[in-house]
Amino acid sequence: MSGALTSLTIAQMHDRLTRREVSAVELLDAHEERIDAVDGGIKAFLRLTPDLARGQAEAADRRLAAGDGVHALTGIPLAIKDVFCTQGVETTAGSRILAGFISPYDATVVARLRQAGAVFVGMTNCDEFAMGSSTENSGYWPTHNPWDPTRVPGGSSGGSAAAVAAGMAAFALGSDTGGSIRQPAALTGTVGFKATYGRVSRYGLIAFASSLDHVGPFTRSVDDCATVMATIAGHDPLDATCFDRPLDLDRVGAGIKGMRLGLPREYFEVAGMEEGVQRSVGDALEVLKEAGAELVEVSLPHTDYGLAAYYIVAPAECSSNLARFDGVKYGLHDPGAESLLANYLNTRREGFGPEVRRRLMLGTYALSSGYYDAYYLKAMKVRTLIKRDFDEAFARCDAIVSATSPTVAFKIGEKTGDPYAMYLCDVLTLGADLAGLPGLSVPTAAAGGLPVGLQVVSPQFREDLALQVGRAYEQASGITAEVARL
Amino acid sequence: MTLTRDQVRHVALLARLGLKDGEEDFYAEQLSRILEHIDRLSEVDTEAIPPTAQVVEVRNVMRDDEPRPSLPQEAAIANAPEADGGFLVVKPIQESDPG
């Protein structure tokens, strides 16, 4: 019974809730049972919020009983990546430097989901400050992939991806700066999406790289993804980059007959592309063709330089954003420090893990006197070229399709000794962040028992196109995000 | 570009990062390897290309400068490791007045 409940989509749960076949409290009970049974081996959650969840589930049941103000997410169990400030809950960005930080306010997306009546199950593990592609950079512990616990779930939103893939939450919030939603979605067989830069408010998201940070959901279907997007998207005066345009998702179910899908040559020839991934995505392209899409070859000629540009821009921005962790306002500090400077140095030495320290130094170096032009300015110019590549490609197609990740989930520890090998995980996803484009990952046929993802990238403000392709694939292939048997 | 131990020490200080024993060598080696890859950027001709700092054409978002409700002071400093009378406590940043 509880196993059945934790495998449902949001839409199915909503249907049962509104028909009163199940209560929000029962739904929560089922998820808590599932967490008790499997999270010891997966470690998706950094902390659970059972009292908060219970209160929210009871309130959802009252709302459902009254039949008044019921939202599609009322009573639906949600996991929140530990980078979203959640009022009254410890929020640490997966970092020791924020251990014990109780957020005094809600991020805008958290507030919107709270208002919709979602049930907050807990905060999920992630790479520290969302910097990483495997969740191994967490200041607490690595998360395991529900499909093979000896492997990573991807990252940085690996805890959120694993929670949805293992049936511990119906949906989850993630953040995507270089691929941190789409890559773990691919590696765990879930649906992951980030919208146009500025579509979803980042107010209350603990900032990593402000010109690249995006917010989005993990779900088990594209329709569920659209439901969550409709709830969290929209103008917010508290985030000056958040624009005011309606999000029109009416055509998500319209199919792809006559749609032109671009295959970027460079994305299919990328180094390290595994055969199993190639085959699975090749089969997916056949399905899209049979569903009526026209496949056209396009080119993103600066793909090779995207990674380099990204690893200047993102570290440069984080070196500025993370200056706020100074041992004075919140979090860790050194009570015995003999000076203000010593407090800074000691707090940040003890509080930040190796990847964060690496990026802070890289970013500081790139911005430092004498190197700014050669690195930061240069990277910003290459970013222009990458954006133009996409503009030119979209003149020839409605959306771009490719693999989300060149590999399936890799073994825990396999890439931790080589930072650059880890950075390569995002080679197919970070372009959409640099250009601020909507990007979706939907599961395709597994390779060797491990999930593979198809990425769909659409033009700015056209989230509907990416979701339309993803949904058409889901329908035509019959492949949907499944909950891992554990 | 290769980073020396001295450069690592300098950058770490700029970034306000204390280093642990042996980390100068560790980061000098790792950052140099990463920069080697990043140096490929110099292959790209960007002579006539303007920089992109952000990708959505939102410009100069303004609001009226009017008082509005905000976090109460107690909530804003509740997470501070050291606070006194509503203020955050820091170590002195100036020597005491010599005169």
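Worth knowing before you read on, the calculation uses all heavy atoms, side chains too, and leaves out hydrogens, waters and symmetry mates. Chain naming here is simple, since letters A, B, ... match the order of the sequence lines and numbering starts at 1 in each.
In this structure, chain B has heavy atoms under 4.5 Å from both the backbone and the side chain of A:Pro354. With a 4.5 angstrom heavy-atom cutoff, A:Ala342 does not touch chain B via any of its atoms. For A:Tyr310, no part lies near chain B; criterion is any non-hydrogen pair under 4.5 Å. Contact of A:Ala435 with chain B is made through the backbone alone, with heavy-atom distances under 4.5 Å. Both the backbone and the side chain of B:Leu19 come within less than 4.5 Å of a heavy atom in chain A. When heavy atoms are compared at a cutoff of 4.5 Å, A:Arg199 does not approach chain B at all. Both the backbone and the side chain of A:Asp304 come within less than 4.5 Å of a heavy atom in chain B. Proximity to chain B is absent for every atom of A:Ile386, based on heavy atoms less than 4.5 angstrom apart. With a 4.5 angstrom heavy-atom cutoff, A:Tyr371 touches chain B only via side-chain atoms. Residue A:Lys329 touches chain B through both its backbone and its side chain, counting heavy-atom pairs closer than 4.5 Å. With a 4.5 angstrom heavy-atom cutoff, B:Ala53 touches chain A via backbone and side-chain atoms both.
To the nearest 0.5 angstrom, A:Leu307 atom CG is 9.0 Å from B:His37 atom NE2. Between the CG atom in B:Leu14 and the CG atom in A:Leu367 there is a gap of 10.5 Å [rounded to 0.5 Å]. In this structure, CG in B:Leu13 is found 12.0 Å from CE in A:Met361, a value given to the nearest 0.5 Å. A distance of 11.5 Å separates CG in A:Asp326 from CZ in B:Arg16, rounded to the nearest 0.5 Å. The distance from the CD atom of B:Gln54 to the OG atom of A:Ser211 is 8.0 Å, given to the nearest 0.5 Å. Summarising the geometry, atom CZ belonging to A:Arg358 is positioned 6.0 Å from atom CD1 belonging to B:Ile34; distances are rounded to the nearest 0.5 Å.
Highest contact tally toward chain B, considering only A:Gly363, A:Gly351, A:Cys242, A:Pro419, is held by A:Pro419 [criterion: heavy-atom pairs under 4.5 Å]. For the options B:Val90, B:Ile38, B:Val61, heavy-atom pairs under 4.5 Å to chain A are most numerous at B:Ile38. Interface check for chain B: of the options A:Thr241, A:Leu385, A:Leu322, the most heavy-atom pairs under 4.5 Å are formed by A:Leu385. Among the candidates B:Ala83, B:Ala12, B:Pro50, the residue making the largest number of heavy-atom pairs closer than 4.5 Å to chain A is B:Pro50. Top candidate by heavy-atom pairs under 4.5 Å with chain B, chosen from A:Tyr344, A:Tyr197, A:Tyr365, A:Tyr330, is A:Tyr365. Each of A:Leu212, A:Val328, A:Val382 has some count of heavy-atom pairs under 4.5 Å with chain B, and the biggest count is that of A:Val328. Among A:Ala374, A:Ala309, A:Gly198, the residue with the largest count of heavy-atom pairs under 4.5 Å with chain B is A:Ala309. By number of non-hydrogen pairs under 4.5 angstrom with chain A, the leading residue of B:Leu88, B:Val44, B:Leu71 is B:Val44. Between chain A and the residues B:Ala80, B:Ala15, B:Pro81, the most heavy-atom pairs under 4.5 angstrom are made by B:Pro81.
Side-chain atoms of A:Arg357 come within 3.5 Å of backbone atoms of B:Gly18 as a donor-acceptor pair (strictly under, hydrogens ignored). For the pair A:Arg349 (side chain) and B:Leu17 (backbone), a donor-acceptor distance under 3.5 Å is absent. Put simply, the side chain of A:Gln460 gets close to the backbone of B:Val55: a donor and an acceptor are under 3.5 Å apart. Without hydrogens or angle criteria, A:Thr384 side chain to B:Thr52 main chain gives a donor-acceptor distance under 3.5 Å. The backbone N or O of A:Ile102 lies less than 3.5 Å from a partner atom in the side chain of B:Asn79, making a donor-acceptor pair.
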For a side chain to side chain contact (heavy atoms under 4.5 Å, CB included) check, start with the C-alpha distance between A:Tyr375 and B:Asp39, then their side-chain angles and the critical distance, and finish with the verdict. CA-CA 8 Å; A:Tyr375 287 117; B:Asp39 281 334; 2.9 Å; yes
B:Thr46 vs A:Lys378, side-chain hydrogen bond (donor to acceptor under 3.5 Å, both in side chains): CA-CA, chis, key distance, verdict: CA-CA 7 Å; B:Thr46 53; A:Lys378 184 80 182 182; 3.0 Å; yes
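You'll find the side chain of B:Arg63 stays beyond 4.5 Å of the side chain of A:Pro237, heavy atoms only. By the 4.5 Å heavy-atom criterion applied to side chains, B:Glu82 and A:His333 are counted as neighbours. Residues B:Ile49 and A:Arg388 are in side-chain contact: their nearest non-hydrogen atoms beyond the backbone lie under 4.5 Å apart. Between B:Arg33 and A:Asp418, the closest side-chain pair of non-hydrogen atoms falls below 4.5 Å. A:Tyr305 has its side chain within reach of B:Arg40: a pair of non-hydrogen atoms, C-beta onward, lies under 4.5 Å apart.
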